[in-house]
Amino acid sequence: MNKNYPVIVGGGPAGIAAAFELVSNGVNCTLLDESPRVGGVMFRGPYRQGVKLDYLGIKFRHSMEALHAQFASVQNKVDLQLNTRVVGVGSNSRVIALNNDERIKEIPFSEMIITTGCHERSIPFPGWMLPGVSLLGGVQLQIKSGVVKPMGRTVVVGSGPLLLQVSCQLVMSGAEVVGVYEASQFSKLAREFISLSNKPQMILDGVSMLSYLKSKCIPIHYGWGIVRALGKDELNQVMLAPYDQNWFHDLKKSHIVEAETLAVGYGLIPRTQLSQQMGLSHNYNNDGCLTPTIDQWQQSSQRDIYVAGNLTGILGGEAAVLQGRIAALAILRKRKNISKEMAEERREHYKTKLIRVMRFRQGIDRYSFRGPGLLSLPDAATIICRCEHVIRKDIDNAINQGVEDLTSLKMRTRVGMGDCQGAMCVGYCSDRLRQETGRKDVGWITPRFPIDPIPFSAFEVAKELS
Amino acid sequence: MNKKYDVVIVGGGVIGAACAYYLSKCKGLKIALIDSKRSGNASRASAGGLWAIGESVGLGCGVIFSRKSSSINVNEYDPVAAKTITPHILPECFFNLALASNALYPALHEELREVYDVDFKFEETGLKFVMYDEEDRHYAEHIASNISYLSNNLRWLDHNELRDSEPYISHEAIGAIEFLCDHQVNPFRLTDAYIEAARQNGIDIYMNTNVTNVLRVGQRVMGVVTAEKGEISCNTLINAAGSWAADISEWATGIRLPIKPIKGQIVLSEKLPRFLHGCVTTSDCYIVQKDNGEILIGSTTEDVGYDTATSYPEIATLVKGAMRCIPELRHTNVKRCWAGLRPGTPDELPILGLLDGMDGYINACGHFRTGILTSAITGVITQSIVCGEPIPVDITPFLATRFNGVN
Ligand SMILES: Cc1cc2nc3c(=O)[nH]c(=O)nc-3n(C[C@H](O)[C@H](O)[C@H](O)COP(=O)(O)OP(=O)(O)OC[C@H]3O[C@@H](n4cnc5c(N)ncnc54)[C@H](O)[C@@H]3O)c2cc1C
């Protein structure tokens with residue numbers, strides 16, 4: 001393990017792009033990823049050999065193959081550590097990681113690029129914890145890993161581009177999709193045409209996905225969404241209703257659909273646990289999520305610590321690649337592996353592309369802006385924090401008693417004190433507090449070491465590697 | 001905006017919260033509690049031990065403190081005490097304060113539950129000092145001989161008795177000495193319970209609000225300046241600002257109290273079935289199982305300023321110490337670690353009461369490693385002073401005047 005290596009945390013598109021840029025310009029690096037393969041949630045591909053993913057479409061397959069091929073071309077210069085979860089920050093420029101054998105190791109870095117991506121926003125509604133109800137990205141990961149496809153009739157609810165994409169992938173993989181419910185109105189999408197035309201190919205992709213679903217007779221309902229999931233021990237019905245502009249549902253017009261699988265996709269949240277633990281400064285983005293602040297080189301508030309990809313705000317794979325490359329350029333420039341002029345020229349080149357993606361994304365974000373109506377879905381008894389069994393009534397009580405920030409809410413109700421450290425409930429709790437107080441900043445869950453639970457026994461034989 | 005109060009309490013940790021609660025029971029007082037929610041707040045970080053005897057004789061948080069104090073030299077005001085390896089026993093005045101506070105909890109727990117529907121999870125647990133070897137036994141015997149007048153509250157357990165009462169404790173243990181009146185609460189629930197009860201009694205709460213200065217005319221405090229809510233006037237200011245209390249005292253009186261942050265790190269397990277019936281301390285660490293099944297292991301004492309980062313070597317030491325005492329832990333997970341800042345004083349005693357020559361200013365700070373335990377009595381004392389009632393314990397040893405150069 002080389003102290004003089006930049007360490008990239010996360011082997012998704014951003015991390016791979018950064019590694020490629022570094023190695024191609026003569027800087028070897030370390031790449032850490034928690035899973036057994038690089039590619040990130042988007043392009044990890046099947047864990048097993050010999051699984052063909054043709055049902056995900058030729059285009060997807062090509063992008064994935066290209067990314068893996070790119071990585072393969074530099075892999076001999078990368079100290080690749082898979083199955084390695086970063087759980088905290090050590091002293092003297094080291095991160096603390098847990099490997100597959102549940103051993104702790106400290107990994108030194110000269111610079112660091114954090115590309116930890118995002119996790120899904122979980123939306124509580126009555127029945128959301130029933131077996132059969134999953135988050136959309138989780139369902140996608142299942143089909144992408146080529147192992148399982150969802151059982152029985154599948155309903156897809158949510159908002160944004162992922163909804164159509166996963167619906168198509170589900171159909172292509174042979175799942176029975178009985179309906180797709182997009183919370184926003186179609187007319188709202190049309191209003192974003194100018195922004196969206198920054199990425200004409202994306203519009204075409206969208207149109208072709210729509211017509212594909214149409215050709216398969218899959219109904220798409222705009223301005224509709226989830227009300228509740230029904231079933232005793234597992235899902236067997238989904239109640240849906242029209243949503244108004246603010247996503248409040250109209251119960252009188254609701255209908256019930258028989259289904260064994262419900263995929264729920266109302267957005268993504270940047271995974272800031274590590275960037276927060278590093279002590280980087282953060283801001284709230286328009287979506288209400290915490291994101292690390294960056295300069296034009298993707299550098300965080302701390303020298304030599306860079307951030308890229310969905311961690312910095314949800315912009316998708318293409319932007320992640322561009323940001324990863326820019327971060328790598330900054331390191332190359334600093335180390336004088338490329339000239340200042342060259343670095344700046346290439347950064348500008350990437351920036352131009354990045355700006356187009358951002359404009360496109362802003363259109364998407366306005367289109368699928370999360371309406372406050374979602375917050376009205378849970379009943380008094382609906383569980384909000386799964387780890388600590390905190391129900392909506394507990395949250396309401398705390399707010400009525402004057403609680404105004406996440407730390408106080410945590411102390412009063414135990415939300416976010418469980419194993420997941422708030423990954424599940426922070427979205428709802430933050431939205432609620434912001435809505436009730438009208439404040440933009442209600443705090444966020446402070447992640448503690450270790451980011452994921454680690455066995456006591458891991459400390460027994462912890463080795464210091466340098 | 002200029003609001004006017006009889007009493008403004010600066011600091012919403014367990015001490016400010018307790019003062020708010022006891023004062024809120026006095027009819028006719030207009031009270032505000034102001035807290036900035038600083039990271040490092042000790043009350044949220046604490047273990048929640050009510051170890052009246054244990055902490056007084058240097059166990060619990062104190063055991064590591066006294067082992068380490070020679071190297072970190074926190075006790076710079078008393079270099080001789082810092083070098084001793086024998087138990088670090090606090091003066092009798094502290095025992096009295098601690099025991100008086102301890103005695104309040106059973107009734108307080110009832111009262112807060114019945115009247116205000118808040119529960120700080122008081123549990124009668126006892127505290128056992130688990131001994132591994134003869135050195136530990138000497139340590140324990142030294143303690144017992146020093147507090148013979150409390151012998152009714154002590155119990156010796158041999159190896160078998162210890163294993164009978166705590167079957168998960170290592171075979172390596174040769175026995176234990178138990179302090180029968182030392183119990184535990186959930187510390188953040190206690191803080192929160194005081195605050196919620198005070199709120200129901202009508203006090204105003206300013207959360208996420210920073211006091212940035214104190215208004216005074218001559219030797220009289222007139223109010224506070226806040227960054228978020230402007231000026232807030234008061235007749236009496238209570239300084240319950242924990243590790244930041246020296247700032248408040250300086251603004252209010254011109255004198256910096258000798259309080260500095262002493263960092264403590266904690267390790268928490270995932271939720272587990274009952275592993276422990278009571279609280280346990282060894283010469284390595286203390287181990288307690290909290291109301292919801294998590295096992296909490298503490299704690300370090302580090303003189304590193306306002307830093308609140310957890311650090312791997314310290315965490316690993318605590319983890320190993322806990323596994324030595326409860327070997328079964330190696331099959332479970334560490335869920336979370338954190339650090340908090342104890343408001344440390346040179347003689348390890350809190351700073352309470354009025355300051356000579358100042359009007360409208362009361363200290364309720366410097367509670368170091370026992371602020372959870374002594375919060376109730378601090379609330380009672382502060383309330384008595386504000387209302388001009390007789391103070392139930394002698395607070396002379398805790399007045400700020402005891403420090404050289406102060407007053
Ligand atoms: C790891 C650890 C374990 C412990 N275990 C125990 C135990 O088992 N038993 C026990 O009895 N004690 C224990 N303690 C000690 C106990 O936690 C402290 O003595 C006690 O919490 C101190 O309370 P406090 O209210 O004075 O300070 P704090 O809880 O730190 O609160 C002070 C508050 O003042 C606020 N504040 C400061 N300055 C300003 C300002 N200018 N404007 C507005 N607000 C301000 C801060 O934001 C903070 O919230 C432990 C401490 C630690 C760190």
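In what follows, chains are A, B, ... by sequence order, proteins preceding strands, each numbered from 1.
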Exercise for review: Take atom CZ of Arg303(A) as the centre, draw a 6.0 Å sphere, and report whether it contains more than 12 heavy atoms from other residues, nucleotides or ligands.
Suggested key: no
Review point. Would you say the side chains of Arg38(B) and Asn210(B) form a donor-acceptor pair under 3.5 Å?
Key: yes
Check your understanding: Does a side-chain heavy-atom distance below 4.5 Å link Phe449(A) with Ile315(B)?
Key -> yes
Exercise for review: Quick one: which of Gln200(B), Met207(B), Arg44(B) has the most heavy-atom pairs under 4.5 Å with chain A, could you say?
Suggested key: Arg44(B)
**Study point:** Segment of Asn208(B) engaging chain A (4.5 angstrom heavy-atom cut-off)
**Key:** side chain
Point to revise | SB check Glu294(B) Lys335(B) (cutoff 4.0 Å) | key: yes
Practice item. Pick one of side chain, backbone, both or neither for Thr332(B), based on which atoms fall under 4.5 Å of a heavy atom in chain A. Key: both
**Study point:** Side chain proximity check, Lys121(B) to His109(B), heavy atoms < 4.5 angstrom
**Key:** no
Check your understanding: Which residues, numbered in order, of residues 426-446 of chain A come under 4.5 angstrom of chain B by heavy-atom distance?
Key -> Arg439(A)
Review point. Does Glu228(B) offer a backbone N or O that forms a donor-acceptor pair with the side chain of Thr209(B) under 3.5 Å?
Key: no
Point to revise | Top contributor to chain B contacts, counting heavy-atom pairs under 4.5 Å, from Asp419(A), Val403(A), Val89(A), Ile451(A) | key: Asp419(A)
Exercise for review: Sort Ile326(B) into side chain, backbone, both or neither according to what part of it lies under 4.5 angstrom from a heavy atom of chain A.
Suggested key: neither
Point to revise | Any side-chain donor near an acceptor of the partner, Gln81(A) and Asp79(A), under 3.5 Å | key: yes
Point to revise | Side-chain ion pair, Arg189(B) and Asp119(B), N-O less than 4.0 Å | key: no
Study note, to complete from the structure: Glu270(B) meets the salt bridge (Lys or Arg N to Asp or Glu O under 4.0 Å) criterion, sequence neighbours left out, with none
Point to revise | When Val267(B), Asn333(B), Asn186(B) are compared by non-hydrogen pairs under 4.5 Å with chain A, the top option | key: Asn333(B)
**Study point:** Any residue of residues 282-291 of chain A which, by heavy atoms, sits under 4.5 Å from chain B
**Key:** none
Review point. Measuring heavy-atom distances to chain A, does Leu329(B) have an atom under 4.5 Å in its side chain, in its backbone, in both, or in neither?
Key: both
Exercise for review: Establish, from distance only, whether the side-chain atoms of Arg412(A) and Gln401(A) form a donor-acceptor pair under 3.5 Å.
Suggested key: yes
Review point. Do the side-chain N and O atoms of Gln302(A) and Ser300(A) include a donor-acceptor pair separated by under 3.5 angstrom?
Key: no
Check your understanding: Quick one: does Val130(B)'s side chain get under 4.5 Å of Ile169(B)'s, heavy atoms only?
Key -> yes
Check your understanding: Can you tell me if Glu460(A) and Ser457(A) form a side-chain donor-acceptor pair at under 3.5 Å?
Key -> no
Check your understanding: Does any heavy atom of chain B fall under 4.5 Å from the side chain of Ile96(A), the backbone, both, or neither of them?
Key -> side chain
Practice item. Indicate yes or no: does Glu34(A) engage Arg271(A) in a salt bridge with an N to O separation below 4.0 Å. Key: yes
**Study point:** Whether Ser299(B) side chain and Gln265(B) backbone form a donor-acceptor pair below 3.5 Å
**Key:** yes
Exercise for review: With chain B as the partner chain, list the residues of residues 386-398 of chain A whose heavy atoms fall under 4.5 Å from it, by residue number, and write 'none' if nothing qualifies.
Suggested key: Cys387(A), Glu388(A)
**Study point:** Region of Arg199(B) in contact with chain A, defined by heavy-atom distances below 4.5 Å
**Key:** side chain
Review point. Does Tyr116(B) OH have over 12 foreign heavy atoms under 6.0 Å away?
Key: yes
Check your understanding: When you look at NE2 of His331(B), are more than 12 heavy atoms from neighbouring residues, nucleotides or ligands closer to it than 6.0 Å?
Key -> yes
**Study point:** Between Asp204(B) and Tyr5(B), a side-chain donor and acceptor under 3.5 Å
**Key:** yes
**Study point:** Which of Pro450(A), Pro453(A), Pro447(A) touches chain B most, by non-hydrogen pairs under 4.5 Å
**Key:** Pro450(A)
